[in-house]
Protein chains: 2
Amino acid sequence: MTTQARRSVTIEDVAQHAGVSRAAVSKVIRDAYGVSDEMRVRVTASIAELGYRPRASARAMRGSSYTLGFEIPSIHNHFFPKIITGAMTALAESRYQLIIAPAGPDHDQGPQAIEVLADRQVDGIVAISSRVPQEWLEELGRTTPLVMIGRHHASVHYDTLVADDIAGAALAVRHLYDLGHRRIVHLTLAEGVPDATSSTPHGVRALGYERVMRELGLEPEFLRVDPDDARGRDGGESQAYAAVFELLDRADEPVAIFAAHDELALGVLRAVAELGLSAGQASVVGYDDTDIAEHPRMSLTSVNQSGTRMGAIAVRLLLERIAGRAQSVHEVVAPKMMARGSSAAPEHRAHERRRRTP
Amino acid sequence: MTTQARRSVTIEDVAQHAGVSRAAVSKVIRDAYGVSDEMRVRVTASIAELGYRPRASARAMRGSSYTLGFEIPSIHNHFFPKIITGAMTALAESRYQLIIAPAGPDHDQGPQAIEVLADRQVDGIVAISSRVPQEWLEELGRTTPLVMIGRHHASVHYDTLVADDIAGAALAVRHLYDLGHRRIVHLTLAEGVPDATSSTPHGVRALGYERVMRELGLEPEFLRVDPDDARGRDGGESQAYAAVFELLDRADEPVAIFAAHDELALGVLRAVAELGLSAGQASVVGYDDTDIAEHPRMSLTSVNQSGTRMGAIAVRLLLERIAGRAQSVHEVVAPKMMARGSSAAPEHRAHERRRRTP
DNA sequence: AGAGTTGTGTAGATCGCTCTACGTCCATCG
DNA sequence: CGATGGACGTAGAGCGATCTACACAACTCT
């Protein structure tokens, strides 16, 4: 294990050490056709002895970089780590490595993080950001294998993977309805926020919410927050808190709140906690079933869209694409309801009319 | 904005379009010396018109890839995103991009994630994993700018950045002592787990704990968990839960538990919640002050080591290194106590001797 | 005026790998 | 026995950038 400090060991060094050509070494490390057993053994030994590691950037120039890139819109939303975990597990035995490019705090940096990956010549990209124009993605998908998570529209040049958000929203609303709630408010992103178009998870959840509410003969009631308002990099938790605090403070009857994702739901729970309301007085349902939801102190009812499975599927789709599949695929996974303590049968507040201000 | 689908636009295309040499274009994009205003304008225009983006892998072959790599040991520990956030903010105005390589679920993959970054020819690496041998890092630091977070030992070939874990542990213990607690248990990682040597955060916290306990005339009492036991990728939360459940179930007197990090503390809180104990009966202090600690439903007392600041400092150190600084630096940041509801003055349990089993 | 400076641009080598094309050896076959 | 074809290796071009020279003006000094 002689390691020379100055310049690190290249394929040339290995070739010389093994007494063969560069091409031969290349074949061995790529497990390509045309290598005898004897040669494979010899080269492998040299590689080990010299501690050689092929440089991804050099490989990327002609062949592949053996790297898959994941773009995640926010490093704070605990849902994304689930996807990554699923992806890493799926990738464990493969020769591919995974790197993550987080989108910057300025949310308009939609494509930027994805470009970072493309510039790095990754062999394929999984992206989640909903704030990226469709055409832009089509363009990218034309040259790079691409899987978009959370796009309800199928595409020609890239694969899409999405949870059935209509069904998920229905699960949430029905759960609350079955508990006995009749005032069910949907907390979601402000219109104008690019996420909220109909093809995005939030947009579709809102749609599903509205649809089920009407089916149930209830009047939809939206509460919208704009996470961009906050320079507070918390994904809307504090906006949700403020908006819901006001709403709940005003309300005298039981209210159920269906938040478009757990981050928002946490803000809701904060307001509920500060107002000292019970789950019956203010029921909360989140979306994503992030790790923390299950904690007994949180006990947040949430819709699970199995992030780990999505991560694994995304990887599978991407590898298929890289392997050559031409036509695009649109996969949909089914969500599950996770009922917990934050939602309960409606319970009327004591008659002393309480009102507080933050 | 004519974008040719087939082969993407290279520096050669830009050069031809602008009627200059490749070298000239290269100078412009690197903002290098020897470009006239007139040329800069012309080239910039061509770049914009063609939608040219330099490929990081090609750049990396001779120059730099303008990429910094962050290795994080676990995608689940909510402390690390804080560091990333700080780093991204610090990097916002620079030409450098940030990518993340998460360590795999198998914890022995210490160096692997770091190697992934090194193989990608990043210009510098910030790594957090404590499960990497010192010599290995020295070797790496010899060839690549490297900042290690959470290493208490200074090094010759890389910079180190650490919070004062002795002081942090003292803050935690003193806080509990001042509340009136006398039985203060330290929940930390099992010996044998590589993290727990004296140079790692957990090792040093344990050391600090022991030291302060003795100063206060109290007997240290360790409770150790081994996160590797769990194939449960939860960073020890479930082990912590199990261990503490048993301890608390047995105890009749108030117990204070100082957990080595918030992830463990959440497990403790889970046990506390299930046993229905008050903060006075079982006080909990965590470490890292992750986002969730501050939530009123959690209200976890925790030691804050300002992850965002650490991220920003790490970036600064790395950029200094890249710029040429030769001798290594060892920075220490001071922790802060965040007292919240999970810790309270000891309160004796009601006399009916309760005992439950999971 | 000749010799330095600057300032600006280009040519061409080079980074470390992969890939195509081709050469060689050897066994098999008509 | 020469042709055929498969197995195994090698040579050398090429990927897209950067970087080191160096050329050529246009100025500025003696």
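In the text below, chain A, chain B and the rest are named by the order of the sequence lines, each starting its count at 1.
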Taking only the side-chain nitrogens and oxygens of [X], find out if one of them lies under 4.0 Å from OP1 or OP2 of [N].
| X | N | result |
| --- | --- | --- |
| Arg62(A) | dC17(C) | no |
| Arg30(A) | dC19(C) | yes |
| Ser26(A) | dC17(C) | no |

Once rounded to the nearest 0.5 Å, what's the spacing between atom OH of Tyr96(A) and atom OG of Ser64(A)?
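Rounded to the nearest 0.5 Å, the OH-OG separation comes to 5.0 Å.
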Distance in Å, His157(B) NE2 paired with Gln134(B) CD, rounded so as to fall on 0.5 Å steps:
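Those atoms lie 11.0 Å apart.
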Regarding Tyr52(B), tell me which of base, sugar-phosphate or nothing describes its non-hydrogen contacts under 4.0 Å with the strands shown.
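Counting heavy atoms under 4.0 Å across all strands, the contact made by Tyr52(B) is with sugar-phosphate only.
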Donor on one side chain, acceptor on other, [X] and [Y], under 3.5 Å:
| X | Y | result |
| --- | --- | --- |
| Glu71(B) | Ser129(B) | yes |
| Thr67(B) | Arg120(A) | yes |
| Arg22(B) | Ser26(B) | no |

Check the interface with nucleotides 23-25 of chain C: list each N/O to N/O pair with the protein under 3.5 Å, or write none.
none

Using the rule side chain to side chain donor-acceptor pair (under 3.5 Å), only one of Arg321(B), Arg316(B), Arg151(B) pairs with Asp159(B); which is it?
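Per the side chain to side chain donor-acceptor pair (under 3.5 Å) rule, the option paired with Asp159(B) is Arg321(B), out of Arg321(B), Arg316(B), Arg151(B).
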With 3.5 Å as the limit, what N/O pairs link the protein to nucleotides 4-9 of chain D?
residue: dA7(D); atom: OP2; partner: Tyr33(A); partner atom: OH; Å: 2.7
residue: dG9(D); atom: OP1; partner: Ser36(A); partner atom: OG; Å: 2.5
residue: dG9(D); atom: OP2; partner: Ser36(A); partner atom: N; Å: 3.1
residue: dG9(D); atom: OP2; partner: Ser36(A); partner atom: OG; Å: 3.4
residue: dG9(D); atom: N7; partner: Lys27(A); partner atom: NZ; Å: 3.0

Ala23(B) vs Ala58(B), nearer the 5' end of DNA chain C by closest nucleotide
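The residue closer to the strand's 5' end, by nearest nucleotide, is Ala23(B).
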Any donor-acceptor pair under 3.5 Å joining the side chain of Arg22(A) to the base of dT10(D)?
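No such pair is found, so the answer is no.
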